Amino acid sequence: MCCFGLHAQQPSYESKKWLDYATRFYNRTIERGIFREFDSVIIVARKGVEITSKNDYHSLSAYSFFIGHTYKVQLKNDSAFFYLKQSVRYAMLGQNMKYEVMALQQINYLNRYLGRFEETKPHVKRLHQLLPLAKDDTIKDRILSALSEEYLSIGDYHKAISYILESLPLKEKILAQKRDYTSKVSLGLAYASLGNLYLQLHQNQNALNSFKQAEPYFEKYMGAKIRLYINFEQVYLNMQKIDSAKIYYDKVYGAMADKKLFYASSELSAVNRIFASYYLDKNMALAKQYATKAYQLGVESESKEALLYALNLMGNLNYELKHYHKAITYLEKALPGSYSFSKDVYASIILKLAQSYEKLGNNGKALKYYKDYNALSSKIYQDKSDEQIANIEFKYKNAEKEKQIDYLSNERLAANKLLKQKNQLQLALSIAFGLALLVTILIYRNNRNQNRSNVLLHQSNVALDLVNQKLAEANQTKARLFGIISHDLRSPVSQLFTFLKLQQAKSGLLSEAQQEAHQKKLIQSSTALLATMEDLLLWSKSQMEHFELDLSDVLISELFVKVIALLQNQAEAKELEIKEEMQGLSSLKSDENLLLIVLRNLLQNAINHSFPKGVIVLKAAVNDKGQPFIAIVNSGLLIPEDKIAELQSGFHVSSKSNGYGLLIVKELLHQLNAQLLIRSNEQEGTCMQVLFEKA
């Protein structure tokens, strides 16, 4: 990058003077927010390009940014992308980090606005690269703000809030130094972002406080002020303050009537959607009135996000009105793009589709969507719920142990206090009766008692240390066991519950063949659940002392039949085909129960990560070194090399869906004198190989 900067040319006096004018003109137009004035920005910027040298990368980057941002405001997205990317190129050539960051921020805003979330990733990576290089406080602040927006948009609240909090001192410092319009708006946007974060976390009072802190900084910035009005409307409705919410609803309409601001239709759709959602379970007439407005405005706007939320709202409204066919029509239109905007909204649409088809008696589609919802909700919420359950169980089971530690600690303190008192008594007696025989005898007896106390205290300390050590080991084993139980029982229990619920609700509508098929699936799910529980009990037994393997000749074909039967329902749900390949290995000497647990976990993992309608292959063979192995191969998403290294060598469990399963596999394979090898490439797919020692 440095080599490009050597060829950059300093702007001429005329060019610099025009750039200063264009910058002031652009800032004033953005501040006023009047739509018809934005064409003038483009005219001024194009004039600047004409009088600027082709090697004056600084000025060209600025003019390209003014034009690109203006086209973005006018919803001319293709032109906006072209000029913003051109601004990035010029900025990199001239080492102009300021306009590079500003252009990247606007490009990512456009990508999110259009639902192109994957296209933001390389720009986010570039922002991370620029952050440690930024020496200027203003540029560093811009990078932190851009990153906080990115992580807030994808729901990573921890990272979002960390970047916001890191940027606040910089913004306040910059405002104190410059006291200009841009610095005020930047600080206001940071407080507004914090408020949005609190809204997501349902902390309404904190959100309201943050929005009030932001409001004074948007005195002249109508675009930001309107979005803040919408936030005020939402938080007041959450707090059941209808009159206050209506004030801000009217303020948005008033602003749109006075001036033709950009994004008018999408913003008006939002304020109506918020009121419609509030009245949905309170007043259906008002809910329908607001929802109809929100939908019409969403259709008028060019915002995919506004249209998506309006379609979802109309689907929910028609479901509550018992117009299930209409509800399905709206929801199925909203479904395809909803996952990119919000996984929670995507999950809620799938659940509402399942409920709508169930109301219409279409059990096939209802069951399909219920299964999709169960799998998705498990994927979204399992990480947090697993950790919460493990922590609760951990605290509950260890309460008595902690009391015992407190008791022993108090005993040790009392013994130390007693010892101190005896030492003081010995000193007093030694001074008072130093030369007397009686004093000598008393001191002798006192010393003897002291020695006994020291011995008892030492023994107590040793016993306490041993209890602490055993308790720590027990706590670790229990925490892992609770986490594993939560991990491995969630999916079969959820599946069993779905089958039972559908059979109970629609038993009279199912044919005899359908009932028989459901009974068969219930038996298979119950069998899989029982086998999973037995696996976990056997694993927990393997954690105990004096555990011995039950070695026997294990037939590979029978082992494959058993493990496939346990997971057949899950494979059928994704329309997966499971094949077997036996290549010179028909049996091996091992513990069949432990080996079955290992293969079940690996096959479970392969099913979870396979593409629908794919193929999973179970292989049994002997390698060139004479070592027998069993492998499970799937054609799902490839695993990066750094992730493979972490799975192979690490013992840290990060609450992901496969963390505890692989922990079981590693520990049981250690018992079986075997090891797990993982490969993932385009030619073979992802291969989980269990390699045994040579017989």
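What you see is a predicted model; the values in this text were computed from it and never measured.
Below 30°, between 30° and 60°, or above 60°: for Tyr290 and Phe275 the angle between ring planes is below 30°, a parallel geometry. In this structure, Tyr99 and Phe66 have perpendicular ring planes: the angle between them is above 60°, well past the 30° mark. Using a 30° and 60° split on the angle between ring planes, Tyr369 and Tyr357 fall in the parallel class, below 30°. Using bins of under 30°, 30° to 60° and over 60° for the plane-to-plane angle, the ring pair Tyr26/Phe65 lands in the perpendicular bin.
Judged by a 6.0 Å distance limit and a 45° cone about the ring axis, Lys352 is positioned over the six-membered ring of Tyr319. Both tests hold for Lys282 against Tyr278: distance to the six-membered ring centre under 6.0 Å, angle to the ring axis within 45°.
When every heavy atom of Ala192 is checked against every heavy atom of Ala214, the shortest pair comes out as N-CB, 3.7 Å. The minimum heavy-atom distance linking Ala103 with Val88 is given by the pair CB-CG2, 3.5 Å. Leu127 and Leu147 make their closest contact through CB-CD2, 3.8 Å (heavy atoms, listed as atom of the first residue, atom of the second, distance).
Counting only distance, with no hydrogens or angles, the side chain of Asn283 and the backbone of Tyr279 share no donor-acceptor pair below 3.5 Å. At least one donor-acceptor pair under 3.5 Å links the side chain of Asn318 to the backbone N or O of Met314. Asn312 places no side-chain N or O within 3.5 Å of a backbone atom of Leu308 that could act as its donor or acceptor partner. Side-chain N or O atoms of Ser186 include none that pairs as donor or acceptor with a backbone N or O of Ser183 at under 3.5 Å. The backbone N or O of His325 sits less than 3.5 Å from a side-chain atom of Thr329, completing a donor-acceptor pair. When atom types are taken as modelled, the side chain of Ser167 and the backbone of Ile164 share a donor-acceptor pair closer than 3.5 angstrom. Under the 3.5 Å distance criterion, the side-chain polar atoms of Lys371 are left unmatched by any main-chain donor or acceptor of Ala573. Judged by distance alone, with hydrogens and angles left aside, the side-chain atoms of Lys326 form no donor-acceptor pair with the main-chain N or O of Gly315 at under 3.5 Å.
Environment of NZ in Lys288: sparse, with no more than 12 heavy atoms of neighbouring residues, nucleotides or ligands closer than 6.0 Å.
Considering only heavy atoms from C-beta on, Ser87 stays 4.5 Å or farther from Met102 through its side chain.
Proximity of the aromatic rings of Tyr249 and Tyr253 is defined here by a centroid distance below 6.0 angstrom, and this criterion is met.
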*asked:* With side chain to side chain donor-acceptor pair (under 3.5 Å) as the criterion, how do Gln213 and Asn209 come out once you've worked through the C-alpha distance, each side chain's angles and the decisive distance to 0.1 Å?
replied: CA-CA 6 Å; Gln213 285 180 290; Asn209 293 339; over 6 Å; no
*asked:* For a side chain to side chain donor-acceptor pair (under 3.5 Å) check, start with the C-alpha distance between Lys171 and Ser145, then their side-chain angles and the critical distance, and finish with the verdict.
replied: CA-CA 10 Å; Lys171 293 179 187 295; Ser145 299; 2.6 Å; yes
*asked:* If you apply the rule side chain to side chain donor-acceptor pair (under 3.5 Å), what do you find for Gln74 with Asp39, and how did you get there?
replied: CA-CA 9 Å; Gln74 295 176 333; Asp39 284 335; 2.7 Å; yes
*asked:* With side chain to side chain donor-acceptor pair (under 3.5 Å) as the criterion, how do Glu358 and Tyr370 come out once you've worked through the C-alpha distance, each side chain's angles and the decisive distance to 0.1 Å?
replied: CA-CA 10 Å; Glu358 185 179 7; Tyr370 273 126; 2.4 Å; yes
